[in-house]
Amino acid sequence: MKLGFVSDSLGGLPFETMLDHAARLGVSGVEINTGGWSTAPHFDLQNLKSSASARSAFVNAFESRGLEIIALNANGNPLHPTQPEQQECLIDTIRIAGDLGIKTVCTMSGLPAGRNGDLMPNWVVSSWPPETQEILHYQWSEKLLPFWTDVVSLAKDSGVERIALELHGNQCVYNVPSLLKLRDMVGSIIGANLDPSHLFWMGADPLVAAEALGDAIYHVHAKDTMLNLPVQARTSLLENGSLMNIQARSWSYITLGFGHGEEWWRQFCYRLKMAGYDRWLSVEHEDVLLNSLEGLEKSIALLQGVMPVAESDFKPQAI
């Protein structure tokens, strides 16, 4: 496996400074946010879209430091009913990835409105009352399937081999069954960006998810979640309070090791190996209490101690 981090983890730093820290921290690459819900401080989409020299300079900034571009990440809602720029960002990101020779694009599945004419996305998380099934049928049949059929075709034409969908709440694809359902519909260019932090707060087990997904895991975000048990006992894990008010929340994103300890992350890395995954662990730091650079340093140090790097060389002795 290789270790890197998501560029927005150091979103307050200039591009060159962010890459200097990556080289200093001893990671092998950086995953770059391109837009969507990110302001993309390290990626000038319009300039890179139109200028071959800008793309060349972008790549050189990594290569000159011995770093790789892990993936491009358009982490928005490409099926938002009133924000077409989110979809445009994903389309442009795939095309630029092709121009740069990057084989993996990370994104979300998207979440449409609940019916034609509605103005807001609608996330269905229960099977009752009956209209929930009408909503799901509309979202998957009328929106999700046609969109991803076209995007998969674009990715193939662009030379992008993997689209890694983050299993994220408020998206049509948010867990193992929904990821495999879309993958079955549109093909194996679709896979999972397995981020344990979201599965924690949705009540799933990332270790079991890794086994269930197997070769459908195309990318991994290393991000932790603290489950605030006293609050959870009163309010459940359904949480819509401010992300900044950790004390009042039933769960919060947190620096690696502060929510689940080193032993859990050892198990996670081993389960990934058991599932056949041998690509990137990309740290995504979103801890609002710790300094971003300090939190990233602590997360990287933890993974450097637990992630497998060398290939297995064990062979039973001839007896």
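Q139 is not listed as a side-chain neighbour of L79, based on a closest heavy-atom distance of 4.5 Å or more. For the pair L182/L165, a side-chain contact is recorded, criterion being any heavy-atom separation below 4.5 Å from C-beta on. Here the side chains of I91 and L154 are in contact, with some heavy-atom distance below 4.5 Å. Between L272 and I217, the closest side-chain pair of non-hydrogen atoms falls below 4.5 Å. V6 is listed as a side-chain neighbour of S9, based on a closest heavy-atom distance under 4.5 Å. Side chains of W280 and H221 form no contact here, defined as non-hydrogen atoms less than 4.5 Å apart. Contact check for L10 versus L293: side-chain heavy atoms found under the 4.5 Å cut-off.
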Between K2 and R279, does the side chain to side chain contact (heavy atoms under 4.5 Å, CB included) criterion hold? Intermediate values first, please.
CA-CA 6 Å; K2 292 183 178 181; R279 295 192 180 99; over 6 Å; no

Walk me through whether Q86 and H80 qualify under side chain to side chain donor-acceptor pair (under 3.5 Å).
CA-CA 7 Å; Q86 304 252 29; H80 196 291; 5.8 Å; no

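Residues meeting the salt bridge (Lys or Arg N to Asp or Glu O under 4.0 Å) test with K143, sequence neighbours left out: none.
Looking at R95 and S158, their side chains never bring a donor and an acceptor atom within 3.5 Å of each other. Side-chain contact, T17 with D20: no donor N or O sits under 3.5 Å from an acceptor N or O.
Just one residue in the list V283, L256, L290 forms a side chain to side chain contact (heavy atoms under 4.5 Å, CB included) with K298, and that residue is L290.
In this structure, H21 has its ring center no closer than 6.0 Å to that of F5. Taking the six-membered ring for Trp, F15 and F58 have ring centres closer than 6.0 Å. Between W123 and Y174, the ring center distance clears the sub-6.0 Å criterion. In summary, the aromatic rings of F200 and H260 are positioned with their centroids under 6.0 Å apart.
Counting only distance, with no hydrogens or angles, the side chain of E239 and the backbone of S250 share a donor-acceptor pair below 3.5 Å. Between the N77 side chain and the L111 main chain, a donor and an acceptor come within less than 3.5 Å of each other.
A cation-pi contact, defined as under 6.0 Å to the ring centre and within 45° of the axis, links R249 to W251.
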